S.K.: 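I'd like to ask some things about the structure below.
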Amino acid sequence: MSELSQAMADLREDDIKAAIKEKCSAGVSGAEILGECQAGLAEVGERFEKGEYFISELMYAGEIMKDIMKDIGPLLGDSAGDAGDKQPVVMGTVKGDIHDIGKDVVTLMLRGAGYAVVDLGVDVPAAKFAEAVEEHNPIMVGMSVFLTTCCKAIEQTVEAIKSTGLRDKLSIMIGGAAASDFVAQRTGCDCYGATAVDAVTLTEGVAGT
Ligand code: B12
C-alpha cells in the first residue's frame, strides 16, 4: 500500500493532505491520486467490517475524502462545468443507498469528458431513473451501488427503465463497492466499471467517440 493509501487507511488527515500536496507538485495525475485514496478507503471499510473502526470513522473518512476532492477535482478535468455538449448520461446512487462520493467523482469525470450528466443524487427510486430516461433520452444510465442489500434496487431500476420502452436505446452501467460483472449480469445491466475512468471508457464505447 502506498504512503498516501496507508495515511488514508489510518485516517491521518494532515499526512494525507501533505502527501497529496507533494504529488500535485510532482505532477502526478488526479486519477492516480484518486486511486490511492480509494485503496485507503477500501481498507477503512475492511477495518469497519472487522470491528476495528466504527461508524464515526466511516463518517470521518467520508469527510476527509469530500474535503480533498476540492483539490483533486480540478485535476480530474472538470472543465466542462455542469453540461457538456456530448450526449446525456443519467447518473444516480440507487434507492436505499446514500453514498455519494464515488458517484460524484464519476459525474465529475464524465462532465470533464464533455458529457451532459443529469445527476439524480442519492437514494434514487427506480421511477425517478425512468422519468429521467424519458425526459433526457440518455445514451447511458449509470447506477452507483455500495450496499449489497441494495442490489435488488438495480434490478427494479432496470425494470422501470424497460417499462419506458427505451431500454434498447441506451446502455446501463453500474459501479461502487457492491457492484461487479456478476451483479451487472444478474440484474440485467450491460456493464460494470471499477473506477470513474472505466465509467468514461464505457460511455465512450457506447457513444462511439
Ligand atoms: C465513506 C463511507 C461511508 C460514508 C459515506 C459518505 C458519503 N458522503 O458518501 C457514510 C459514513 C455515510 C457511510 C455509511 C454507511 N456505510 Co459506508 N462506506 C464508506 C467507505 C469507507 C468509502 C466509500 C467512498 O467514498 N470511497 C471513495 C470513492 C472515491 O470510491 P468509490 O466509492 O469506490 O467510487 C469509485 C468506484 O467505485 C467507481 N464508481 C462509483 N460509482 C460508480 C458508478 C458507475 C456507473 C461506475 C462505472 C463506476 C462507479 O468510481 C469511483 C471513483 O473511481 C466504503 C468502503 C468502500 N470499499 O467503498 C464503505 C462501505 C460502502 N459502507 C458500508 C456500510 C455497511 C455502510 C453503512 C450501512 C454503515 C452503517 N452501519 O450505518 C452505512 C449505509 C448508509 C446508507 N444507507 O447508504 C459497507 C458496505 C458493505 C456491503 N457489502 O454492503 C462498505 C463497503 C464498508 C465495508 N467494507 O463494510 N459509509
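When a ligand or atom number is given, it counts from 1 through the structure's own listing order. Keep in mind the model is a prediction, meaning the values are calculated, not measured. In this chain, residues are counted from 1 in sequence order.
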S.K.: Quick check: do Gln156 and Thr187 have side-chain heavy atoms less than 4.5 Å from each other?
M.R.: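 The answer is no; the side chains never approach within 4.5 Å.
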
S.K.: Which residue and atom name correspond to the protein heavy atom nearest atom 12 (C) of ligand 1, and how close is it?
M.R.: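 For this ligand atom, the closest protein heavy atom is Ile98 CD1, 4.3 Å.
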
S.K.: Who's closest to atom 72 (O) of ligand 1 heavy-atom-wise, of Ile72, Ile55, Thr148?
M.R.: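 Nearest option to atom 72 (O) of ligand 1, by heavy atoms: Ile55.
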
S.K.: Are any of the protein's heavy atoms under 4.0 angstrom from atom 7 (C) of ligand 1, yes or no?
M.R.: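 Yes, at least one protein heavy atom sits under 4.0 Å from atom 7 (C) of ligand 1.
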
S.K.: Atom 50 (O) of ligand 1: which of Ala178, Ala177, Ala196 has the nearest heavy atom?
M.R.: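 Among Ala178, Ala177, Ala196, the closest heavy atom to atom 50 (O) of ligand 1 belongs to Ala196.
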
S.K.: Out of Cys150, Gly40, Ser144, who is nearest to atom 42 (C) of ligand 1 when you count heavy atoms only?
M.R.: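 The nearest heavy atom belongs to Ser144.
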
S.K.: What protein heavy atom sits nearest atom 38 (C) of ligand 1, and how far away is it?
M.R.: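 Answer for atom 38 (C) of ligand 1: Ala194 O, 3.6 Å.
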
S.K.: Identify which of Ala42, Gly175, Gly142, Gly35 has a heavy atom lying nearest to atom 46 (C) of ligand 1.
M.R.: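 Residue with the shortest heavy-atom distance to the ligand atom: Gly175.
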
S.K.: For ligand 1, does Met173 get within less than 4.0 Å through its side chain, its backbone, both, or neither, judged by non-hydrogen atoms?
M.R.: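 Answer for Met173: both.
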
S.K.: Under a 4.0 Å threshold between the charged nitrogen and the carboxylate oxygen, would Glu131 count as salt-bridged to Lys128?
M.R.: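 No salt bridge links Lys128 with Glu131.
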
S.K.: Tell me which protein heavy atom sits closest to atom 32 (O) of ligand 1, plus the residue, atom name and distance to 0.1 Å.
M.R.: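 Heavy-atom neighbour on the protein nearest atom 32 (O) of ligand 1: Phe146 CE2, 3.0 Å.
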
S.K.: For ligand 1, which atoms, with element, lie under 4.0 Å from some heavy atom of Met59?
M.R.: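 Here the atoms of ligand 1 in question are 11 (C).
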
S.K.: What's the shortest distance from atom 77 (N) of ligand 1 to any protein heavy atom, and which residue and atom give it?
M.R.: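 For this ligand atom, the closest protein heavy atom is Gly96 O, 3.1 Å.
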
S.K.: Which of the atoms in ligand 1, numbered in the order shown and given with their element, are less than 4.0 Å from a heavy-atom of Asp100?
M.R.: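 Those atoms are 7 (C), 8 (N), 9 (O).
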
S.K.: Quick one: pull up CD1 in Ile161 and CG in Leu170 and give me the separation to the nearest 0.5 Å.
M.R.: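 Rounded to the nearest 0.5 Å, the CD1-CG separation comes to 6.0 Å.
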
S.K.: For a side-chain contact (heavy atoms from CB on, under 4.5 Å) check, start with the C-alpha distance between Met1 and Glu43, then their side-chain angles and the critical distance, and finish with the verdict.
M.R.: CA-CA 10 Å; Met1 198 183 276; Glu43 174 62 23; 3.8 Å; yes

S.K.: Check each of Gly176, Ala199, Cys191 against atom 37 (O) of ligand 1 and report the one with the nearest heavy atom.
M.R.: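 Selected option, by shortest heavy-atom distance: Gly176.
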
S.K.: At less than 4.0 angstrom from any non-hydrogen atom of Asp97, what atoms of ligand 1 do you find?
M.R.: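 Numbered from 1, ligand 1 contributes 78 (O).
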
S.K.: side-chain contact (heavy atoms from CB on, under 4.5 Å), that's the test. Do Glu22 and Val28 meet it? Break it down for me.
M.R.: CA-CA 9 Å; Glu22 209 173 283; Val28 176; over 6 Å; no

S.K.: What residues, two or more places apart in sequence or in another chain, satisfy salt bridge (charged side-chain N to carboxylate O under 4.0 Å, His left out) together with Asp104?
M.R.: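 Once residues adjacent in sequence are excluded, Asp104 has no partner under the salt bridge (charged side-chain N to carboxylate O under 4.0 Å, His left out) criterion.
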
S.K.: What verdict does the side-chain contact (heavy atoms from CB on, under 4.5 Å) test give for Ile55 and Leu58, after you've listed the backbone C-alpha separation in whole Å, the side-chain angles of each residue and the deciding distance to 0.1 Å?
M.R.: CA-CA 5 Å; Ile55 190 73; Leu58 272 192; 4.0 Å; yes

S.K.: What is the nearest protein non-hydrogen atom to atom 87 (C) of ligand 1, stated with its residue, atom name and distance?
M.R.: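 It is Gly45 CA, 3.6 Å.
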
S.K.: Return the minimal non-hydrogen interatomic distance between Cys151 and Val145, and the atom names on each side.
M.R.: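 Distance-wise, the nearest heavy atoms are N-CG2, 4.4 Å.
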
S.K.: May I ask you to decide whether Glu36 forms a salt bridge with Lys23, counting only side-chain N to carboxylate O separations under 4.0 Å?
M.R.: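 Yes, this pair counts.
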
S.K.: Residue-level breakdown please: for Ile174 versus ligand 1, do any non-hydrogen atoms fall below 4.0 Å on the side chain, on the backbone, on both, or on neither?
M.R.: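 Looking at Ile174 and ligand 1, just backbone atoms fall under 4.0 Å.
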
S.K.: Is there a chain of hydrophobic side chains (I, L, V, M, F, W, Y, each step under 4.5 Å between heavy atoms) that links Phe146 to Ile174?
M.R.: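 No, Phe146 does not connect to Ile174 through the hydrophobic network.
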
S.K.: Does Phe48 approach ligand 1 within less than 4.0 angstrom via side chain, backbone, both or neither, non-hydrogen atoms only?
M.R.: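 Contact part for Phe48 vs ligand 1: side chain (C-beta onward).
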
S.K.: Pick whichever of Leu147, Ile101, Leu58, Thr107 has a heavy atom sitting closest to atom 79 (C) of ligand 1.
M.R.: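 The residue whose heavy atom sits nearest atom 79 (C) of ligand 1 is Leu147.
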
S.K.: Looking at ligand 1, does any of its N/O atoms fall within less than 3.5 Å of an N/O of Glu49?
M.R.: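 Yes - when backbone and side-chain N and O of Glu49 are compared with those of ligand 1, one distance drops under 3.5 Å.
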
S.K.: Counting only nitrogen or oxygen atoms and a 3.5 angstrom limit, does Gln38 reach ligand 1?
M.R.: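 Such a contact does occur with ligand 1.
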
S.K.: Establish whether atom 44 (C) of ligand 1 and some protein heavy atom are separated by less than 4.0 angstrom.
M.R.: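 Yes; the ligand atom in question has protein heavy-atom contact below 4.0 Å.
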
S.K.: Looking only at distances, please establish whether an N/O atom of ligand 1 is found under 3.5 Å from an N/O atom of Thr195.
M.R.: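 No, no N or O pair falls under 3.5 Å.
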
S.K.: Look at atom 34 (O) of ligand 1 and say which protein heavy atom is nearest, naming residue and atom and giving the distance to 0.1 Å.
M.R.: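 Of the protein heavy atoms, Gly102 CA, 3.2 Å lies nearest.
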
S.K.: Which bit of Val105 is near ligand 1, meaning a heavy atom under 4.0 Å away: side chain, backbone, both or neither?
M.R.: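 It is the side chain that touches ligand 1; the backbone stays farther off.
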
S.K.: Between Asp71 and Lys21, is the salt bridge (charged side-chain N to carboxylate O under 4.0 Å, His left out) condition met? List the steps.
M.R.: CA-CA 9 Å; Asp71 296 323; Lys21 207 169 167 195; over 6 Å; no

S.K.: Can you figure out which of Lys103, His99, Met143 has its heavy atom closest to atom 62 (N) of ligand 1?
M.R.: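 Looking at heavy atoms only, the winner is His99.
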
S.K.: Which heavy atom of Met109 sits nearest to which heavy atom of Ala196, and what is that distance?
M.R.: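 Heavy atoms of Met109 and Ala196 come nearest at SD-CB, 3.7 Å.
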
S.K.: Would you please test Tyr115 and Met140 for side-chain contact (heavy atoms from CB on, under 4.5 Å) and show each step?
M.R.: CA-CA 10 Å; Tyr115 293 95; Met140 178 68 97; over 6 Å; no

S.K.: Heavy-atom pairs closer than 4.0 Å: do any link ligand 1 to the side chain of Lys66, the backbone, both, or neither?
M.R.: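 Just the side chain.
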
S.K.: Locate the shortest heavy-atom distance separating Lys95 from Pro125; write the atom from each residue and the value.
M.R.: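 Between these two residues, the closest heavy atoms are CD-CA, 3.9 Å.
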
S.K.: Could you identify the single nearest non-hydrogen protein atom to atom 27 (C) of ligand 1 and state the distance to 0.1 Å?
M.R.: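 Here the nearest protein heavy atom works out to Leu41 CD1, 3.2 Å.
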
S.K.: At what distance, to the nearest 0.5 angstrom, does CG of Leu202 lie from CG of Asp198?
M.R.: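 One gets 6.0 Å once the value is rounded to the nearest 0.5 Å.
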
S.K.: Taking Glu63 first and then Lys66, would you say they form a salt bridge - that is, a charged N and a carboxylate O separated by under 4.0 Å?
M.R.: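 The answer is no: the pair does not qualify as a salt bridge.
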
S.K.: Measure from atom 85 (C) of ligand 1 to the protein's non-hydrogen atoms and state whether any distance is below 4.0 Å.
M.R.: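 For atom 85 (C) of ligand 1 the answer is no, since every protein heavy atom stays at 4.0 Å or beyond.
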
